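We're numbering straight along the sequence, starting at 1. All heavy atoms count here, side chains included; hydrogens, waters and symmetry mates do not. These numbers were taken from a predicted model, which means no experiment stands behind them.
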Amino acid sequence: MKRIGWKKVIVILVAFFIVFQIAGSFFFYNLAIKRGPKDFLASNADLKVSAETMDVFLNGDWLDWVDKQKFEEMHLTSRDGLDLMGYYLPAKQPSEKLVILTHGYLGHAKQMGLYGQYYYEELGYNIFMPNARGHGKSGGDYYGFGWPDRLDLIDWTKLLTGKTGTNTQVIYHGLSMGAATVLMASGENLPKQVKAIVADSPYQSVYQLFAYQLNRMFHLPAFPLLDNMSLLTNTKAGYSLKEADALSAVQRATVPILYIHGNADTFVPTEMTKELYEKTKSEADLFLVDDANHGEAFVMDQAAYKSKVDDFLKTHLPTSNLSIDPTR
């Protein structure tokens, strides 16, 4: 009788564990991957930024600049049939330089106008700001965290260089999830027009990022919950959390990469970018900004940020026709 009792207890515990794993997988998939509002991030202390940064985000002159521009809305059908949308703005003077600016998680294309204004007004670039799948006016009922987006980025590049000319020199500049996107793309066979990448506040892999946040926000271990969630994500969104890996991609990179990160970033630890930099196969540079939290580097030290990007582009686009304002 005692043996039967213990067997029942074990069966109940195993059944409970399985149900918990399945329910947990759906809960965290809906929480992080499924398209929709993410209220849980509103109170996340790791995402709190300085009053100065918040003022720039909410009231900066770049917002008026974006509103005044006559962007051309462009559309692309993704390889899996989604309607993707982005905003193109040709340079004031004819230019062979094009920057594609990729936004972060839960953001939208025009938020990259903060950087677009700099590339357009000070460097004389054509600019393009796409909405990632699941964001803004682009289709998709899930967030790709950079992995399917890397192929979308490559397809956007091909479409744009067909428009601007095969001699176009393309820069990828991404923020947070957008930074992971450009890094994941770096491991692919990129169009020959792509000359350099700027990755601001990237993470290494989606699995690693989620493991860090699962522990930090919910005090739960990654295994086996994330592994089960990864299976669900693969079924519903077409990718696994481990294959969405920027660290592996940069070890195959062939174009130079500038890494930027805030030293005070607790949402995506600075150490992730340091390791990405160390493991990058191509030429790479690292720029860290003191006291900057996640995505704050540009605002916290704008002069140094621009100077670093200017020098990086001059080095790796030696024939550049950058029209940099000498008074800065």
Side-chain angles (χ1 to χ4, degrees), residues 62 95 97-104 107 109 111-130 132 146 149-150 153-154 156-157 160 168-188 190-191 193-204 246-247 249-250 253-263 265 268 270 272-274 276-289 292 294-318 320 322 324:
W62 67 275
S95 173
K97 304 298 184 293
L98 167 68
V99 62
I100 301 179
L101 298 156
T102 52
H103 64 79
Q111 288 177 339
M112 293 304 289
L114 176 64
Y115 306 86
Q117 182 184 29
Y118 156 62
Y119 276 98
Y120 184 81
E121 298 290 350
E122 300 184 38
L123 303 186
Y125 271 54
N126 304 293
I127 66 171
F128 179 69
M129 304 183 295
D149 313 277
R150 82 196 192 286
L153 177 61
I154 290 171
W156 275 122
T157 305
L160 287 159
T168 302
Q169 298 185 61
V170 178
I171 305 301
Y172 291 162
H173 188 139
L175 177 68
S176 190
M177 184 189 80
T181 300
V182 299
L183 294 181
M184 290 175 188
S186 76
E188 303 297 320
L190 291 174
Q193 291 87 0
V194 181
K195 302 302 181 183
I197 290 172
V198 180
D200 184 338
S201 309
Y203 45 82
Q204 292 179 359
L247 185 60
V250 300
T254 58
V255 299
I257 300 174
L258 170 61
Y259 293 96
I260 300 172
H261 214 108
N263 267 326
D265 193 338
V268 178
T270 313
M272 288 193 182
T273 285
K274 290 181 179 179
L276 283 162
Y277 165 68
E278 291 168 359
K279 295 292 180 64
T280 299
K281 181 182 178 182
S282 60
E283 292 185 63
D285 200 356
L286 175 64
F287 175 56
L288 301 177
V289 177
H294 189 62
E296 276 194 296
F298 185 82
V299 174
M300 293 294 288
D301 198 345
Q302 189 170 138
Y305 191 113
K306 290 179 179 181
S307 177
K308 191 69 178 182
V309 172
D310 289 349
D311 291 343
F312 177 72
L313 296 178
K314 286 179 181 178
T315 299
H316 297 291
L317 284 76
S320 175
L322 301 183
I324 299 172

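- In this structure, the side chain to side chain donor-acceptor pair (under 3.5 Å) partners of Tyr172, at least two apart in sequence or on a different chain, are Thr157.
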Worksheet entry | Worked check of side chain to side chain contact (heavy atoms under 4.5 Å, CB included) between Phe298 and Leu175 | CA-CA 10 Å; Phe298 185 82; Leu175 177 68; over 6 Å; no

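- Not a single donor-acceptor pair under 3.5 Å links the side chain of Ser307 to the backbone N or O of Ala304.
- Applying the ring pair (Phe, Tyr, Trp, His ring centres under 6.0 Å) rule to Tyr259 yields no partners; only residues at least two apart in sequence or on another chain are considered.
- Partners of Asn263 under the side chain to side chain donor-acceptor pair (under 3.5 Å) rule, at least two apart in sequence or in another chain, are Asp290.
- Under the salt bridge (charged side-chain N to carboxylate O under 4.0 Å, His left out) criterion, Glu188 pairs with Arg150, sequence neighbours left out.
- Judged as a side-chain contact (heavy atoms from CB on, under 4.5 Å), and not counting sequence neighbours, the contacts of Gln193 are Thr161, Thr166, Val170, Pro191.
- Residues that satisfy the ring pair (Phe, Tyr, Trp, His ring centres under 6.0 Å) test with Phe128, not counting sequence neighbours, are Trp156.
- Side-chain N or O atoms of Asn126 include one that pairs as donor or acceptor with a backbone N or O of Lys97 at under 3.5 Å.
- For Lys279, the salt bridge (charged side-chain N to carboxylate O under 4.0 Å, His left out) test picks out Glu275, with sequence neighbours left out.
- Residues meeting the side-chain contact (heavy atoms from CB on, under 4.5 Å) test with Val255, sequence neighbours left out: Leu190, Ile197.
- Judged as a ring pair (Phe, Tyr, Trp, His ring centres under 6.0 Å), and not counting sequence neighbours, Tyr277 has no contacts.
- Residues satisfying the side-chain contact (heavy atoms from CB on, under 4.5 Å) criterion with Ala196, sequence neighbours excluded, are Ile171, Pro256, Phe312, Leu317.
- For Lys308, the salt bridge (charged side-chain N to carboxylate O under 4.0 Å, His left out) partners are Asp285, not counting sequence neighbours.
- In this structure Ala132 satisfies the side-chain contact (heavy atoms from CB on, under 4.5 Å) test together with His103, His135, Asp149, Met177, sequence neighbours excluded.
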